[in-house]
Amino acid sequence: MKTVGIGEAARLLGVRPHVLRYWESELPMLAPRKGRSGRREYSAQDLQLLLRLKHLLYERRYTLEGARQELWEELGSPHPDLRARLDAVRSDLVEALMLIQGRSGEPVAKHDPRDVFEALEQGHLFAHWDARPRQMRRRLAEDLAALDPGLVGSLVGRLAEGPTRPARIEPVAHVSLREIAADREARGIGEELIASGRTAFLTVAGGQGSRLGFDGPKGLFPVTPMRRLPLFAFFAEKLLAARRRYGAAIPWLIMTSRGNHEDTRSAFERADWFGLGAGTVRFFTQGMLPALSPEGRLLLAADGGLFWSPNGHGGVIEGLRSSGLLGELAAAGVEELFHFQVDNPLVTVPDPVFLGFHRRAGSDISSKVVEKSHRGEKLGAISTIDGRPGVIEYSDLSDALSNARDGQGRLLFAQGSIAIHVLRAGFLAREGLSLPLHLVRKPVRALIPKPDGADTENREAVKFEMFIFDAIPLADRSLFFEVDRAEEFAPLKNREGPDSIETCLRGQVEKAARWLETCGIAVPRGDDGRPRSLLEISPLFALDRGELAAKRGALPDRIDADTLLA
């Protein structure tokens, strides 16, 4: 029996390729062999197992864990009726596979893909077809088999629409630092939710560290001042500390990308899951969308397949759904997700006060905001957009609105989103919840077919992305929650300059110094006002200022050297 690639397998099963990759990462019995090129090759037995898994997940509504257990039992069952049913499924699959494979062994659709995509004015994909290496042709055939032609049409239509501009942008209310400090109820509400197991961590971690000069997933970048712990390890300590404090098995969901999924998962395995336990850390991959030229033509990647790009941090909603994790969370009683991006080590998670305000307000999505350091800072501005609360990209805010001030001379749009949210799981599961696509133009290295083969050239690409903050206008209720920038926001985005390695390290040291000074411990500073020594406080030593203050008796009165509290 011939094998098929991931594109054909995905089409046969009616799922996206990244869903297959996720299922394989979670189910050890799914292990399609890899050919000489390193690409997965699915046998009829592999497809039989995948079809059964899909039935359990989508029709029987099993959780992935439940489906895994059921499959193990079925595979080991001697029951003749069960075996007969499985054999029948396999027979049907063999017949279906014979229909989608040609005699040459190359994947061929029931309807010739050339006809389909030429009708969509994408005939350039097949230019100089016979001159291309066989592997390139196969790669494109797999991608086209996995691509919904209707999606191509909608993307081309979205490109033709151009940018959408709101008709009316106005200031929006937020919960201020003063209101938060005066509240005496919210913390208790949040702590009860955490302790009862109704919360989870959710980290968006699809990026690579290339802009930092780091070869690998950004979450593996060594970020802490003293120990040089990777971001993932530092967040793991926060989660461990929260589990110990609240006695709850808080799960950690991590959205990776196609480019860094395997490296990220392997790093967790090598680190023995940072002490968290393999069963409590769940990975799922971000979706991908094909890129277009400015004229609306699909682009080819260097390997001969389509040029795909991640669908943005807003893809977390689709990723949670398609992986089955959203259903698993609901079955486990998880109601709220702490959402944050992997590049901000100062994030406070879990934050019972933030969670308490969110819950008390009946909010579907709540967002942390900070006062902008200057009017041009590249943070999305919170506002009312055509009558609905939301976040508008800094590039879409006109100079007049950026400079607009109130009667006291304060900026009207002074609060910016820092990509930290609490998301209600029930809201994410709402039928019909769909985020709009944003167009991002970037130069890429694209494959150009030629009579003597193919070459790569720089071309402008239009990528399509979804932003999680676009869920705010779709919510019945939302909340903007102000936090202190120095306590919560020191993003790691660039090698040098703003939001760089240096500023991120400095932000961590400054935060540790303030905590120590709050406890009455002297921290000598230089003429520039910065601490003279490197300082680092492990979340396992103190998750917050209050926990540090409780250990004051074991601490010195003055810090005169580089100090690690762990």
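A cation-pi arrangement is present between R360 and F357, with the terminal nitrogen or guanidinium carbon under 6.0 Å from the aromatic centre and inside a 45° cone about the axis.
The distance from atom CG of D364 to atom CG of L428, rounded to the nearest 0.5 Å, is 9.0 Å. Interatomic distance, S434 OG to M466 CE, rounded to the nearest 0.5 Å: 7.5 Å. The structure places CD1 of I420 at 9.0 Å from CG of D351, a figure rounded to the nearest 0.5 Å. How far CG of L437 is from CG of D470: 9.5 Å, rounded to the nearest 0.5 Å. Rounding to the nearest 0.5 Å gives a distance of 7.5 Å between CG of L379 and OG of S417. Atom CD1 in I317 sits 4.0 Å away from atom CG in L435 (nearest 0.5 Å).
Ion pairing of R485 with E487 is absent here, as no side-chain N (NZ or NE/NH1/NH2) approaches a carboxylate O to less than 4.0 Å. Using a cutoff of 4.0 Å between basic side-chain nitrogens and carboxylate oxygens, K378 and D499 are not scored as salt-bridged. Ionic pairing of E460 and K442 is not present here: no N-O contact between side-chain nitrogen and carboxylate oxygen is shorter than 4.0 angstrom. The pair R245-E191 does not meet the salt-bridge criterion, since no charged nitrogen lies less than 4.0 angstrom from a carboxylate oxygen. K511 and E488 are not joined by a salt bridge, as no carboxylate oxygen comes within less than 4.0 angstrom of a charged side-chain nitrogen. One finds a salt bridge joining E269 and R265 here, because a Lys/Arg side-chain nitrogen approaches an Asp/Glu carboxylate oxygen to under 4.0 Å. Here R552 pairs with D557 in a salt bridge; the nearest charged N to carboxylate O distance falls below 4.0 Å. Salt bridge annotation for R532-D560: absent, with no cationic side-chain nitrogen under 4.0 angstrom from a carboxylate oxygen. Checked for salt-bridge contact, R410 and E371 miss the test: no charged N lies under 4.0 Å from a carboxylate O. We find that R359 and E192 are not joined by a salt bridge, their nearest charged nitrogen and carboxylate oxygen being 4.0 Å or further apart. Using a 4.0 Å cut-off between a side-chain N of Lys or Arg and a carboxylate O of Asp or Glu, E335 and R198 qualify as a salt bridge.
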Open item on the list: Assess the residue pair M255 and L320 against the criterion (side chain to side chain contact (heavy atoms under 4.5 Å, CB included)); give the C-alpha distance rounded to whole Å, side-chain angles, the decisive distance to 0.1 Å, and a yes or no.
Closed with: CA-CA 9 Å; M255 185 173 79; L320 285 169; over 6 Å; no

TODO: Verify salt bridge (charged side-chain N to carboxylate O under 4.0 Å, His left out) between R530 and E510, making sure each step is shown before the conclusion.
DONE: CA-CA 7 Å; R530 299 175 188 169; E510 287 281 358; 5.3 Å; no

- [ ] Please assess L239 against L276 for the test side chain to side chain contact (heavy atoms under 4.5 Å, CB included), listing each intermediate value before the final yes or no.
- [x] CA-CA 8 Å; L239 180 53; L276 296 169; 4.0 Å; yes

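Judged by distance alone, the side chains of R477 and S363 never bring a donor and an acceptor atom under 3.5 Å apart. With no hydrogens or angles considered, a side-chain donor-acceptor pair links H421 and S367 at under 3.5 Å. Side chains of S176 and R178: a donor-acceptor N/O pair is absent below 3.5 angstrom, by distance only. Residues E318 and S322 have side chains that never bring a donor and an acceptor to within less than 3.5 angstrom of each other. Between the side chains of Q286 and S257, not a single donor N or O lies within less than 3.5 Å of an accepting N or O. Donor-acceptor pairing under 3.5 Å is lacking for the side chains of W515 and D544.
Put simply, the side chain of N344 gets close to the backbone of A490: a donor and an acceptor are under 3.5 Å apart. For D562 (side chain) and L534 (main-chain N/O), a donor-acceptor pair under 3.5 Å exists by modelled atom type. Between the K238 side chain and the V347 main chain, a donor and an acceptor come within less than 3.5 Å of each other. Looking only at distances, no side-chain donor or acceptor of T384 sits under 3.5 Å from a matching main-chain atom of R388. In this structure, D272 contributes its side chain and F274 its backbone to no donor-acceptor pair below 3.5 Å. Checked by atom type and distance alone, the side chain of R459 never pairs as donor or acceptor with a backbone atom of P443 at under 3.5 Å. Under a 3.5 Å cut-off, the side chain of N403 and the backbone N or O of D399 do form a donor-acceptor pair.
With F283 as the partner, the side chain to side chain contact (heavy atoms under 4.5 Å, CB included) test is satisfied by one option alone out of L253, L325, T264: T264.
Ring centers of F354 and F338: at least 6.0 Å apart, outside the cut-off. Centroid-to-centroid, the aromatic rings of H313 and F467 come within less than 6.0 Å.
The aromatic rings of W252 and F201 sit perpendicular to each other, their planes meeting at more than 60°, with 30° as the lower class boundary.
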